[in-house]
There are 2 protein chains.
Amino acid sequence: MSRPVKPIAAPATDTSASAHDRVYRALRARIMYGDIAPGEALTLRGIGREYGVSMTPARESLRRLVAEGALSLSSSGRVATPELSNERIEELAALRALIEVELSSRALPRAHMALIDRLQTINMTIAEKVSKRDAVGYIRTNLEFHRTLYLRAQAPAMLAMAETVWLQLGPTMRALYGRLRRTDPPQNHRLIIAALKAGDEPGLRLAVRSDVTQGLRLLVV
Amino acid sequence: MSRPVKPIAAPATDTSASAHDRVYRALRARIMYGDIAPGEALTLRGIGREYGVSMTPARESLRRLVAEGALSLSSSGRVATPELSNERIEELAALRALIEVELSSRALPRAHMALIDRLQTINMTIAEKVSKRDAVGYIRTNLEFHRTLYLRAQAPAMLAMAETVWLQLGPTMRALYGRLRRTDPPQNHRLIIAALKAGDEPGLRLAVRSDVTQGLRLLVV
DNA sequence: GCGCCATATTTGTGATCACAGACATGCATC
DNA sequence: GATGCATGTCTGTGATCACAAATATGGCGC
């Protein structure tokens, strides 16, 4: 089959229009949520075999991920998930702080009670993942918390930028949360919710900045 | 020829290792410097013919540019340079302000006299381009001014992020500087240089923010 | 003259192939 | 037994082809 029928209203999590997009989305999720260890190598034919496509869509999805910084292109074409230096981690953490503080600030005036409820629900799921020591689930749910909040900012370009940073940090975050001993509940998330309820913008900015920065600080040796 | 010999030390502006990279770089420069009007369509076979390559490298370079937000992928695969909405322009301008203020702040402690001299030289070139009403030259030299400053920040991830934003704004900036009546010298650039000389961080942050924001503000109707 | 439908051309998608480097394995030699 | 080299397999790159959808074109009927 060369081109599958285009779904009118894609289920947004299921089959997509094109093969390379399906492969891209699958790999992107695996990388962002830390399912792939830093330094792991990927081959075109391997990806193709794994997802039942030929080399062409595999190549396109890998190249797209390289363009977004999710994968690093070693000398002579080999691609692998990058092993970030401490300086780069610090940079990416600073970018997260800059962009996400702005996003939360823009979301604040639009944050209704329904949003806060949803954030609290997600928070409970996070606590559950933490207690189960499910690293991938933790990362995914944690990012879902942030994405849910930032979606209210109505700033798609900024959100895309933030997600690109998440993507670059994905393989490294896995290593971080493996190193994280204590099974602490998301304290900063509760500060974020409290600031949202109170309409306290400076408090919100501070809480988001702390939440984004503190985790990554552990990683810098 | 299927793979050209790999240059030991590439001249950084000339032939690159792979064909798709050469095409990518050429298109990227054209887009970033406003050489392509918003809404202009690009075809795979057209790009291939123009650069003397087959469809495969053309497709990869286009897809990479789409991944970076430089091109928009219309319904059913057609790619064209995007026509940005006012909201999106405002977002991208805010991103420029956030990231570039941070970059300049990080560059400040490392800014020696040689750097300031180079910035002043670039500034004279900018004035020349302005007087010649050379829009593409103006945009390129203006971005060179910013890049030269930010390179001193030693923050490659942040700089890459900033360049991605420039890329997205490229086709629109062309429209902006076409609309710009007055042939003014770069006033904010002189404020930036003065702040650098004085080691005045708050002044530098303010000057960069103004320089980045004011131009784009013209564009929002 | 104007609108509509059938056809022709263009365009993106994905598969396959040939080729050249890169890497690993193993053999022969000292 | 260790080292150096040759061979063999793997991997990315780029070209070409077949196919289907979308767009453009032209002719027909009213």
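Chain letters run A, B, ... following the sequence lines, proteins first and then strands; every chain starts at 1. Heavy-atom basis, side chains included; hydrogens, waters and symmetry copies ignored.
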query: Below 3.5 Å, does any donor atom in the side chain of B:Ser76 face an acceptor in the base of D:dA22, or the other way round?
result: no
Options C:dA15, C:dT13, C:dT16, nucleotide nearest the side-chain atoms of B:Met55: C:dT13
query: Whole Å only: how far is the CG atom of A:Leu44 from the P atom of C:dT16?
result: 15 Å
- line: From CD of A:Glu60 across to P of C:dA15 the rounded distance in Å is 10 Å
Sequence neighbours excluded, every pair satisfying salt bridge (charged side-chain N to carboxylate O under 4.0 Å, His left out) that has a member inside residues 35-46 of chain B: B:Arg30-B:Asp35
- line: Between B:Tyr24 and the options B:Glu60, B:Glu68, B:Arg63, the side chain to side chain donor-acceptor pair (under 3.5 Å) test singles out B:Glu68
- prompt: Any chance CZ of A:Arg209 has more than 12 other-residue heavy atoms, nucleotides or ligands included, within less than 6.0 Å?
  reply: no
message: Taking the nucleotide of DNA chain D with the nearest heavy atom to each, does B:Gly52 or B:Arg45 sit closer to the 5' end?
response: B:Gly52
query: Whole-Å distance between D:dC10 C1' and A:Arg49 CZ?
result: 10 Å
message: On the nucleotide C:dG21, are OP1 or OP2 found under 4.0 Å from the side-chain N or O atoms that A:Arg78 carries?
response: no
task: Confirm from the modelled atom types if A:Arg59 and C:dG14 form a donor-acceptor pair under 3.5 Å, side chain to base only.
output: no
statement: From CG of B:Leu62 across to C1' of C:dT11 the rounded distance in Å is 12 Å
message: Just N and O in the side chain of B:His20: are any of them under 4.0 Å from OP1 or OP2 of D:dT13?
response: no
field: Residue pairs involving residues 150-165 of chain A (criterion salt bridge (charged side-chain N to carboxylate O under 4.0 Å, His left out); sequence neighbours excluded)
entry: A:Arg28-A:Glu163, A:Arg147-A:Glu163
field: Selected nucleotide, minimal atom distance to A:Thr56 side chain, candidates C:dT13, C:dG14, D:dT16
entry: C:dG14
task: Round to a whole Å and report the spacing from OH of A:Tyr51 to C1' of C:dT13.
output: 20 Å
field: Shortest side-chain distance from A:Thr43, nucleotide among C:dG14, D:dT11, D:dG14
entry: D:dT11
query: Hey, what bend do you get for the helix from C:dG1-D:dC30 to C:dC30-D:dG1 if you fit axes on five pairs at each end, rounded to 10°?
result: 10°
task: Give the ring-plane orientation class for A:Phe145 versus A:His189, where under 30° counts as parallel, over 60° as perpendicular and anything between as tilted.
output: parallel
- request: Could you walk me through whether A:Arg96 and A:His146 pass the side-chain contact (heavy atoms from CB on, under 4.5 Å) test, one step at a time?
  value: CA-CA 11 Å; A:Arg96 279 199 67 177; A:His146 288 268; 4.1 Å; yes
- prompt: Whole-Å distance between C:dT10 P and B:Leu42 CG?
  reply: 18 Å
Integer-rounded Å distance: D:dT13 C1' and B:Arg22 CZ: 13 Å
- prompt: Would one find more than 12 heavy atoms of other residues, nucleotides or ligands at under 6.0 Å from atom CZ of A:Arg110?
  reply: yes
